[in-house]
Amino acid sequence: MKAISVGMLGLGTVGSGVVTIIENHQDKLMHQIGCPVKLKKILVKSLDKQRAVEISPELLTTNEDEVLNDPDIDVVIEVMGGVDNTREYLLKALKNKKHVVTANKDLMAVYGTELHTAASENGCDLFYEASVAGGIPILRSLVDGLASDRITKMMGIVNGTTNFILTKMTKQGAAYQEVLKEAQELGYAEADPTSDVEGLDAARKMTILATLGFSMKVELDDVKVTGITQITEDDLKYAKQLGYTMKLLGIARRDEEKVDVSVQPTLLPDTHPLASVNDEYNAVYVFGEAVGETMFYGPGAGSLPTATSVVSDLVGVIKNMRLGVNGRSAVTPQYPKKLKSPDEIFSKYFLRLHVYDEVGVFADITGIFSKHKVSFEKILQMPLKRKELAEIVLVTHHASLKDYEEILVELNELHSVKEIKSSYRVERGER
Ligand code: NAP
Ligand code: HSE
């Protein structure tokens with residue numbers, strides 16, 4: 001078989017890793033696919049930039065058509081990021097019958113259906129393993145490994161940057177801004193880290209996971225998102241005292257035919273397997289009706305780990321080329337989308353309040369919870385430096401989101417509650 005020619009869009013953190021793996025693993029690739037892989041052209045923004053890998057200058061171009069319109073190029077690897085131009089480039093690549101491998105969750109979370117349709121219409125493969133949890137082969141595990149099961153719950157630490165930040169804040173008491181800078185220098189964070197710290201990056205990945213895991217077209221707008229920017233040292237201190245670890249967790253759950261998907265800082269018992277996933281590492285816990293609990297763990301970001309997934313997708317494309325089955329792997333969702341309403345979503349909650357230290361305050365607070373039939377699992381009360389104030393930290397038993405949101409509104413209206421300092425979901429890991 002003749003060499004497979006690959007065009008690449010982008011030569012940054014991930015693109016450099018792809019070059020390294022293709023160069024270093026030629027023997028293994030040759031053994032797996034029976035032909036050499038040749039990088040023919042790479043689109044970049046700047047031709048003069050210093051590169052992390054040695055690359056012949058004639059391979060680089062700033063004209064995308066040298067990749068997208070080259071009839072010799074069989075596969076386009078997209079590792080440049082961005083959405084609008086990138087969508088246009090990939091639609092053009094597919095129209096020109098080039099298979100596409102992408103690491104771009106921003107694009108797949110929003111334009112996944114359109115790109116899948118274009119790929120099928122043109123008999124092309126579209127693979128995006130690296131778009132969720134970097135080096136962990138989670139998408140293949142959902143689509144192939146667990147194909148025979150019915151998945152009912154997925155919980156994911158799917159953003160390396162925020163996991164790195166929360167780990168350093170929890171274990172070393174490090175300051176948020178300082179650790180964010182370190183994550184950027186290490187290449188984990190997006191060019192604009194807002195999407196990492198505000199939870200949007202994780203939401204995009206949960207959109208992809210929920211769509212594949214539940215075989216239902218979940219949209220980004222269906223995911224309720226809260227990021228990590230409001231977490232304080234005090235929250236982490238109380239979490240520790242109560243035996244919890246704070247993680248930015250994506251949670252997707254199916255009950256009967258309805259689903260809910262969210263991303264939020266969540267307290268996990270220290271003994272939960274996801275609680276020991278630290279630094280930039282990611283993990284996705286998947287519960288299937290037949291298999292029970294499974295967990296997939298590994299590096300969620302970084303040059304070589306992410307490039308491993310990209311190049312594995314490339315191997316998948318080339319194997320399909322040999323078998324003549326490209327463009328047939330996309331499966332249309334089996335179920336129509338049905339989302340739960342807030343009275344159908346249940347969780348436990350951690351709540352931290354500053355209250356006026358007066359007779360009857362506690363009765364007022366418990367009265368509101370009792371009215372909504374929500375009871376407490378844990379309660380702490382501490383005096384504050386300001387003598388007239390006290391701090392109350394409590395963990396509820398299960399409550400519906402509807403009840404809990406109403407409780408927060410009613411607590412805010414109590415004159416004895418000075419401020420709701422923080423509130424987090426608590427997951428015990430039941431299915
Ligand atoms: P990056 O380091 O910023 O690299 C982006 C590359 O694309 C650069 O080489 C840049 O060219 C090129 N580029 C960007 N916009 C371009 C444009 N309009 N025209 C031509 N070239 C353009 O990004 P990255 O971290 O490698 O991420 C790439 C993709 O992988 C993103 O979708 C990201 O979300 C995803 N991803 C990243 C990681 C990770 O750990 N970094 C993990 C999983 C997925 P210049 O070099 O000339 O500036
Ligand atoms: N910024 C992302 C993260 C890169 O921190 O997980 C991997 O998608």
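Whatever order the structure lists them in is the order used to number ligands and atoms, beginning at 1.
Below 4.0 Å from some heavy atom of Thr161 lie the following atoms of ligand 2, by number and element: 1 (N), 3 (C), 5 (O). Listed by atom number, the atoms of ligand 2 under 4.0 Å from Lys105 heavy atoms are 4 (C), 7 (C), 8 (O). Interface of Leu43 with ligand 1, defined as ligand atoms under 4.0 Å from a residue heavy atom, comprises 20 (C). Residue Ser46 approaches ligand 1 through these ligand atoms, each under 4.0 Å from one of its heavy atoms: 47 (O). Close approach to Ala301 involves these atoms of ligand 1, each under 4.0 Å from a residue heavy atom: 40 (O). Taking a cut-off of under 4.0 Å to the non-hydrogen atoms of Lys205, the atoms of ligand 2 that pass are 2 (C), 3 (C), 6 (O), 7 (C), 8 (O). Near Gly187, meaning under 4.0 Å from one of its heavy atoms, ligand 1 places the atoms 39 (C), 40 (O), 41 (N). Of all atoms in ligand 2, numbered sequentially from 1 with element shown, those under 4.0 Å from a heavy atom of Asn159 are 2 (C), 3 (C), 5 (O), 6 (O). Counting the atoms of ligand 2 from 1 in the order shown, those under 4.0 Å from a heavy atom of Asp196 are 1 (N), 2 (C), 3 (C), 5 (O). Ligand 2 places these atoms under 4.0 Å from at least one heavy atom of Glu190: 1 (N), 2 (C), 4 (C). Close contacts of ligand 2 with Tyr188, meaning ligand atoms under 4.0 Å from a residue heavy atom, involve 1 (N), 2 (C), 3 (C), 4 (C), 5 (O).
No donor-acceptor contact under 3.5 angstrom links the side chains of Ser195 and Asp201, judged on distance only. Asp48 and Ser46 share no donor-acceptor pair across their side chains, judged by distance under 3.5 Å alone. At a cut-off of 3.5 Å, with distance as the only test, a side-chain donor of Asp192 or Thr194 sits close to an acceptor on the other residue. With no hydrogens or angles considered, a side-chain donor-acceptor pair links Ser341 and Glu344 at under 3.5 Å. Between the side chains of Asn163 and Tyr281, not a single donor N or O lies within less than 3.5 Å of an accepting N or O. Looking at Thr245 and Asp270, their side chains do bring a donor and an acceptor atom within 3.5 Å of each other. There is a side-chain donor-acceptor pair under 3.5 Å between Glu78 and Thr102.
For atom 34 (O) of ligand 1, the nearest protein heavy atom lies under 4.0 Å away. Protein heavy atoms are found less than 4.0 angstrom from atom 7 (O) of ligand 1.
Contact annotation for Glu190 and ligand 1: only side-chain heavy atoms (C-beta onward) come within less than 4.0 Å of the ligand. Contacts between Arg51 and ligand 1 below 4.0 angstrom, taking non-hydrogen atoms only, involve the side chain exclusively. With a 4.0 Å cut-off on non-hydrogen atoms, Ala130 touches ligand 1 through its backbone and not its side chain.
Looking from atom 43 (C) of ligand 1 to the surrounding protein, the closest heavy atom is Thr306 CG2, 3.2 Å. In this structure, the protein non-hydrogen atom closest to atom 2 (O) of ligand 1 is Thr13 N, 2.9 Å. Counting only heavy atoms of the protein, atom 14 (C) of ligand 1 lies nearest to Met80 O, 3.6 Å. When hydrogens are left out, the protein atom nearest atom 11 (O) of ligand 1 is Lys45 N, 3.2 Å; that is the closest non-hydrogen contact. The single protein non-hydrogen atom nearest to atom 44 (C) of ligand 1 is Ala103 O, 3.4 Å, given as residue, atom name and distance. Among all non-hydrogen protein atoms, the one lying nearest atom 26 (O) of ligand 1 is Val14 N, 2.8 Å. Closest to atom 12 (C) of ligand 1, if we only count protein heavy atoms, is Gly10 CA, 3.8 Å. Distance from atom 45 (P) of ligand 1 to its nearest protein heavy atom, with residue and atom name: Lys49 NZ, 3.4 Å.
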Set out, in order, the CA-CA distance, both residues' side-chain angles and the distance that settles side-chain contact (heavy atoms from CB on, under 4.5 Å) for Val315 and Lys319, then state yes or no. CA-CA 6 Å; Val315 169; Lys319 283 182 173 171; 3.9 Å; yes
List the steps and the verdict of side-chain contact (heavy atoms from CB on, under 4.5 Å) for Phe127 and Leu139. CA-CA 10 Å; Phe127 292 151; Leu139 302 191; over 6 Å; no
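Taking any N or O of Leu11, backbone or side chain, at least one lies under 3.5 Å from an N or O belonging to ligand 1. Inclusion of Tyr188 in the set of residues having an N or O under 3.5 Å from an N or O of ligand 1 is not warranted. Backbone and side-chain nitrogen or oxygen atoms of Gly302 are examined, and one is located within less than 3.5 angstrom of a nitrogen or oxygen of ligand 1. Among the atoms of Asn282, none of the N or O lies under 3.5 angstrom from an N or O of ligand 2. Here's the thing with Gly12: one of its N/O atoms is less than 3.5 angstrom from an N/O atom of ligand 1.
Heavy atoms of Lys105 come nearer than 4.0 angstrom to ligand 1 in at least one pair.
Residue Val44 holds the heavy atom nearest to atom 21 (N) of ligand 1 of all those in Val44, Leu9, Asp201, Val67. Summarising the contacts of atom 7 (C) of ligand 2 with Gly160, Gly300, Gly134, the nearest heavy atom is found in Gly300.
Nearest heavy atoms, Val100 versus Ala93: CG2-CB, 4.1 Å. Taking every heavy atom of both residues into account, Ile73 and Lys98 meet most closely at O-NZ, 3.0 Å. Considering every non-hydrogen atom in both Leu304 and Ile21, the closest pair reads O-CD1, 3.7 Å.
Classified by interplanar angle (parallel below 30°, tilted 30° to 60°, perpendicular above 60°), the ring pair Tyr188/Phe164 is perpendicular.
Between Thr86 and Tyr111, the closest side-chain pair of non-hydrogen atoms is not below 4.5 Å. For the pair Lys105/Ile208, a side-chain contact is recorded, criterion being any heavy-atom separation below 4.5 Å from C-beta on. Between Val79 and Leu9, every side-chain heavy-atom pair lies at or beyond the 4.5 Å cut-off.
Under a 4.0 Å N-O distance rule, the pair Asp260/Arg253 does not qualify as a salt bridge. Using a 4.0 Å cut-off between charged nitrogen and carboxylate oxygen, Arg425 and Glu427 count as a salt-bridge pair.
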